[in-house]
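The block underneath contains the structure these notes are about, expressed in structure tokens.
Values below: all heavy atoms of this structure, side chains included; hydrogens, waters and symmetry mates excluded.
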Amino acid sequence: MKAFLLLLFCLLAPRASANSTYELATFNAALTRIELVGNYAERKEALLKKLVNATVDVLCLQEVWLGVDIDDVIKAAMPNFPYSHRLSPVPGGGPPCESGPLFSGYTCGTTNCASAFSRGVLNGAPCLVEKCGDELRSLPQACLNCLINSKSDDLLKCASVNKAVSYESTHGLVLLSKHRLSNRIERNYTEPLVRDIEVPSRGFIAADVSC
């Protein structure tokens, strides 16, 4: 698992007068549907409620992995945080995975990494990369994102769900602000996370905050 620790950044560059003071905060939401974390629905509901009354000026959320969750976060926070920044959404259109390559990877995983694979793709990642690296490399990033955010018994559904639902790369980051944002930046890291396979994709977002 250590090999799969993610380095995720949300960079803020406040620009205001010398007398201005901002209160900034970051929060790792760990908002994912996999078994490793648990209580996804309850934690998401609690997070959305907290955003309504958060007192900080700028809030950077990490590990909000699904595009649909970022949409919900921005919508819930809008009355309190009217400005936001996220990785630009990728238009949907069809399932994130093709059934043939997905089934090949699934078969390889259940055959060679059954114990780890049964607890989810992220738990079984070291074994999967070693035993099924070729199969994983054949999958597009949206497919990998779907797999790591799905419970072990839902993996094959990644060949049937609508990609528009959530599985574009998000880097798990969303920036919320009570002040106007400018000079928005988004960057993808091209370095592979483990043996030239990005699970999930990584990067950072940044913006200037002004009065």
Side-chain angles (χ1 to χ4, degrees), residues 4-34 37-92 96 141-142 144-146 148-149 162-191 193 198-211:
F4 280 76
L5 292 178
L6 306 180
L7 187 61
L8 301 174
F9 296 98
C10 182
L11 308 179
L12 307 178
R15 287 186 178 179
S17 68
N19 295 324
S20 298
T21 301
Y22 289 111
E23 185 175 358
L24 313 178
T26 64
F27 180 68
N28 189 319
L31 203 57
T32 176
R33 298 173 180 176
I34 62 174
V37 180
N39 300 315
Y40 162 81
E42 293 84 353
R43 291 185 299 103
K44 178 178 178 179
E45 181 181 2
L47 172 64
L48 297 182
K49 288 181 178 179
K50 286 291 185 181
L51 293 175
V52 176
N53 298 313
T55 59
V56 297
D57 293 283
V58 181
L59 177 61
C60 177
L61 297 177
Q62 303 174 37
E63 295 202 17
V64 185
W65 291 115
L66 302 182
V68 66
D69 288 339
I70 288 185
D71 292 341
D72 290 343
V73 162
I74 292 175
K75 180 178 179 180
M78 185 69 69
N80 197 20
F81 296 97
Y83 304 100
S84 63
H85 180 33
R86 57 169 292 179
L87 198 67
S88 299
V90 176
Q141 190 61 55
L144 292 173
N145 292 345
C146 182
I148 66 169
N149 283 289
N162 190 327
K163 181 180 177 181
V165 170
S166 29
Y167 296 106
E168 74 273 7
S169 296
T170 67
H171 301 328
L173 302 175
V174 57
L175 172 62
L176 304 172
S177 176
K178 295 179 179 178
H179 307 277
R180 190 178 303 277
L181 299 175
S182 60
N183 300 323
R184 290 174 170 84
I185 297 173
E186 55 186 67
R187 292 287 186 273
N188 296 318
Y189 292 143
T190 57
E191 298 86 351
L193 183 57
E198 291 195 55
V199 186
S201 59
R202 302 174 298 158
F204 72 86
I205 58 176
D208 292 336
V209 184
S210 59
C211 293

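Under the side-chain contact (heavy atoms from CB on, under 4.5 Å) test applied with V174, the options I205, L87, I70 reduce to a single match, I70.
Using a cut-off of 4.0 Å between Lys/Arg side-chain N and Asp/Glu carboxylate O, D71 and R86 are scored as salt-bridged.
By the side chain to side chain contact (heavy atoms under 4.5 Å, CB included) test, A76 pairs with L48, sequence neighbours left out. Partners of A54 by side chain to side chain contact (heavy atoms under 4.5 Å, CB included), not counting sequence neighbours, listed by chain and number: N80, F81.
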(message) Working note: Y40 + L31, criterion side-chain contact (heavy atoms from CB on, under 4.5 Å); need CA distance, chi angles, decisive distance, verdict.
(response) CA-CA 6 Å; Y40 162 81; L31 203 57; 4.0 Å; yes
(request) Take E186 and F204, measure what side-chain contact (heavy atoms from CB on, under 4.5 Å) needs, and give me the verdict at the end. (result) CA-CA 6 Å; E186 55 186 67; F204 72 86; over 6 Å; no
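A donor-acceptor contact shorter than 3.5 Å links the side chain of H85 to the backbone of I185. A donor-acceptor pair under 3.5 Å links the side-chain atoms of R184 to the main chain of S84, judged by distance alone.
Residues in residues 43-56 take part in these salt bridge (charged side-chain N to carboxylate O under 4.0 Å, His left out) pairs, two or more places apart or across chains: K44-D69, K44-D72, E45-K49.
Taking every heavy atom of both residues into account, D57 and T21 meet most closely at OD2-O, 4.2 Å. Listed here is the closest heavy atom pair of L173 and Q62: CD2-CG, 3.9 Å.
The CG atom of L59 lies 6.5 Å from the CG atom of L51; values are rounded to the nearest 0.5 Å. Taking CG of L24 as the start and CG of L175 as the end, the distance is 9.5 Å to the nearest 0.5 Å. Rounding to the nearest 0.5 angstrom, the gap separating the OH atom in Y83 from the NZ atom in K178 is 13.0 Å.
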